[in-house]
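Data first, discussion second: the structure below is written as structure tokens.
Within every chain, numbering begins at 1; the chains are lettered A, B, ... in the order of the sequence lines, protein sequences first and strands thereafter.
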2 protein chains.
Amino acid sequence: MNKDKSTEEKIKDAARRVFTQKGYAATRTRDIAEASGVNLALLNYYFKSKENLFDIIMLENIREFSHSVLAILNNRDTSFYQKIELLAAHYIDKLIQNPEIPIFLLAEVKDNPKKLFAALDKRADFKNSIFVQQWLELKDIKKTAALNPFHIIMNMVSMIIFPFIANPMIRNRTGMNQEQFNNMMLERKKLIPVWITEMIQQK
Amino acid sequence: MNKDKSTEEKIKDAARRVFTQKGYAATRTRDIAEASGVNLALLNYYFKSKENLFDIIMLENIREFSHSVLAILNNRDTSFYQKIELLAAHYIDKLIQNPEIPIFLLAEVKDNPKKLFAALDKRADFKNSIFVQQWLELKDIKKTAALNPFHIIMNMVSMIIFPFIANPMIRNRTGMNQEQFNNMMLERKKLIPVWITEMIQQK
DNA sequence: AAAATATTTAATCATTTGATTAAATCAAAT
DNA sequence: ATTTGATTTAATCAAATGATTAAATATTTT
């Protein structure tokens, strides 16, 4: 009864890897069993079905993602600009470690939005975040551009995440290798906050 | 022998729709047959296999994409800045019509880069485009930032394409409906060129 | 009209795949 | 040592799926 716990975790780890790499539809439960060094029968014994296992993995993915954004956006001890710097640095580092997460997540969300959004914390609503609050204060005090803050967030997220999604295409078109690509993304940790600030400043 | 041509085209149109919406792995040849109002046997009679049909569709997708970028980037009659405006306007319009193309394309490219890149025109290499040429001239004359031009291209492409990829997520997090989202993207046709110009200008 | 070509129908294959079962083996707890 | 629970093995199901076939029907060409 008090088992190692490592078996269930081993299966989940393998599932995370295989699902992330191949997507739900292209993943065979046999692949996961093999990747976790465990028998197919045991996989079903523990997780009942492919879909159930997938849901568990996705839930964890989304929770983790959501939580780490919130932690930055809702920190009262950092300034608006510091948050931008932290977001860029934090995400680029994370995505260099796990480059396939975004395309996997977004592709699966597209296929089944309802189920996955049910897993999202309602409080993660960024409209009420401290980040947006600070934006509004800045806007009053410094007369920054009367720009929909969505644009700014969208630009930041786009410039951080999209290159990872388009990685194979970018590397093919530019001839960069993976290391050069990563270095370029590391450069962007400093550049993106600068660009965002320029966007905000009133001309 | 000289047949309507409409049957083969009907199948291809349906295949494009279904593949684009569900991805290769999740697409059933029966879905395509049904969607094209044609018999499964006929589909195989014409296209031999699912993979073959997919390759044909993808080839056309990639060629079309590649061609339309090149046409803008290599036009000698437009200025550097005009190209930026044209790219933003052209792509945002196109993506509002076909929002699922990018995620489909990038997901499949990730799964099978080699096959798909073989279809890409080598001359589409944007390093040698007139656009980059004009960038280098600008850099000399106006002393714009000594910035890797990849960053600029990447930012532009990111800010244009990413929102469409993240559409379901964005709408869920912000509460926008599809029309509001589209309007926001239309606003960006004017905004993105401005932002890009600001990035280029030496501070 | 006759011949040739295109399309449909329906049946059928062989594989793949998610899932289950029952018995065997292994490990840990009592 | 025995019992209990965890894991493996191997066999097997049923359904889904890509693909093929042969015969029937429709359409076009000659």
Side-chain angles (χ1 to χ4, degrees), chain A residues 1-61 104 107-108 110-112 114-116, chain B residues 1-61 104 107-108 110-112 114-116:
Chain A
M1 198 171 232
N2 177 20
K3 64 150 186 302
D4 209 350
K5 184 102 180 156
S6 79
T7 298
E8 212 167 322
E9 275 305 321
K10 262 196 306 186
I11 297 175
K12 273 166 60 173
D13 287 347
R16 208 185 328 273
R17 285 199 306 277
V18 180
F19 276 136
T20 302
Q21 202 206 333
K22 310 172 75 148
Y24 179 79
T27 294
R28 310 285 97 104
T29 50
R30 282 163 173 83
D31 300 339
I32 299 175
E34 195 188 352
S36 50
V38 138
N39 191 275
L40 173 60
L42 192 61
L43 184 150
N44 279 293
Y45 169 74
Y46 271 132
F47 293 97
K48 210 191 79 168
S49 74
K50 175 187 175 182
E51 195 184 356
N52 183 48
L53 177 53
F54 178 78
D55 289 348
I56 291 172
I57 299 294
M58 268 313 241
L59 196 77
E60 292 183 3
N61 264 348
F104 164 66
E108 301 296 344
K110 189 199 81 177
D111 287 352
N112 203 339
K114 286 172 196 166
K115 188 201 284 182
L116 296 166
Chain B
M1 196 169 234
N2 177 20
K3 66 153 184 302
D4 207 349
K5 186 100 176 157
S6 79
T7 297
E8 212 168 322
E9 276 304 322
K10 262 196 305 187
I11 297 176
K12 274 166 61 171
D13 287 347
R16 209 185 326 274
R17 285 200 306 277
V18 180
F19 277 136
T20 302
Q21 202 206 334
K22 311 172 73 149
Y24 179 79
T27 293
R28 310 284 97 102
T29 50
R30 282 163 174 81
D31 300 339
I32 299 175
E34 195 188 351
S36 50
V38 138
N39 191 276
L40 173 61
L42 193 61
L43 184 150
N44 279 294
Y45 169 73
Y46 272 132
F47 293 98
K48 208 192 84 169
S49 75
K50 177 186 175 183
E51 195 184 356
N52 183 49
L53 177 54
F54 178 78
D55 289 348
I56 291 171
I57 299 293
M58 268 312 240
L59 196 77
E60 292 182 3
N61 265 348
F104 163 67
E108 301 295 345
K110 189 199 80 178
D111 286 352
N112 203 338
K114 286 172 197 165
K115 189 203 284 184
L116 296 167

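With hydrogens and angles disregarded, a donor-acceptor distance shorter than 3.5 Å links the side chain of B:Arg28 to the backbone of B:Ala25.
When the side-chain hydrogen bond (donor to acceptor under 3.5 Å, both in side chains) test is applied to B:Asp55, the partners found at least two apart in sequence or on another chain are B:Lys115. Under the side-chain hydrogen bond (donor to acceptor under 3.5 Å, both in side chains) criterion, B:Asp31 pairs with B:Lys22, sequence neighbours left out. Among residues two or more places apart in sequence or in another chain, the side chain to side chain contact (heavy atoms under 4.5 Å, CB included) test is passed with B:Ala14 by B:Arg17, B:Ile32, B:Ala35, B:Ser36. For the side chain to side chain contact (heavy atoms under 4.5 Å, CB included) test, residues two or more places apart in sequence or in another chain that qualify with B:Leu59 are B:Arg63, B:Ala119. The side-chain hydrogen bond (donor to acceptor under 3.5 Å, both in side chains) test applied to B:Asn112 returns no partner, not counting sequence neighbours. With sequence neighbours excluded, the residues that form a side chain to side chain contact (heavy atoms under 4.5 Å, CB included) with B:Ala33 are B:Leu40, B:Leu43. Every residue was checked against the side-chain hydrogen bond (donor to acceptor under 3.5 Å, both in side chains) condition with B:Lys50, not counting sequence neighbours, and none meets it. In this view, B:Phe54 and B:Phe19, B:Tyr24 satisfy the ring pair (Phe, Tyr, Trp, His ring centres under 6.0 Å) rule, not counting sequence neighbours.
When rounded to the nearest whole Å, the span between OH of A:Tyr45 and P of C:dC26 equals 18 Å. At whole-Å resolution of the value, CG in A:Leu40 and C1' in D:dT9 are 12 Å apart. Rounded to whole angstrom, the span from the CG atom of A:Leu42 across to the C1' atom of D:dT8 amounts to 8 Å. Whole-Å rounding puts the A:Glu8 CD to D:dA6 P distance at 11 Å. Between A:Phe47 atom CZ and C:dT20 atom P the separation is 15 Å, expressed in whole Å. If you measure from atom CG of A:Leu43 to atom P of C:dA19, you get 9 Å, rounded to the nearest angstrom. Between the CG atom of A:Asn39 and the C1' atom of C:dA22 there is a distance of 14 Å, given to the nearest Å.
Separation of atoms CD1 (A:Ile56) and NZ (A:Lys12) is listed at 6.5 Å; rounding is to 0.5 Å. Rounding to the nearest 0.5 angstrom, the gap separating the OG1 atom in A:Thr20 from the CG atom in A:Asn61 is 6.0 Å. Between atom CZ of residue B:Phe104 and atom CD1 of residue B:Ile57 there is a gap of 8.0 Å, rounded to the nearest 0.5 Å.
Against DNA chain C, the stretch residues 22-36 of chain A makes heavy-atom approaches under 4.0 Å through A:Thr27, A:Arg28, A:Thr29, A:Arg30. Remark: nothing in residues 13-21 of chain B comes within less than 4.0 Å of DNA chain D through any heavy atom. Residues of residues 48-59 of chain B having a heavy atom closer than 4.0 Å to DNA chain D, listed by number: B:Lys48, B:Ser49, B:Lys50.
A salt bridge links B:Arg16 to B:Asp13: at least one charged side-chain nitrogen sits closer than 4.0 Å to a carboxylate oxygen.
Closest to the side chain of B:Asn44, from the set D:dA19, C:dA19, D:dT8, is D:dA19.
Where DNA chain C pairs in unbroken runs of 3 or more (Watson-Crick or G-U, both distances under 3.5 Å), the stems are C:1-30 with D:1-30.
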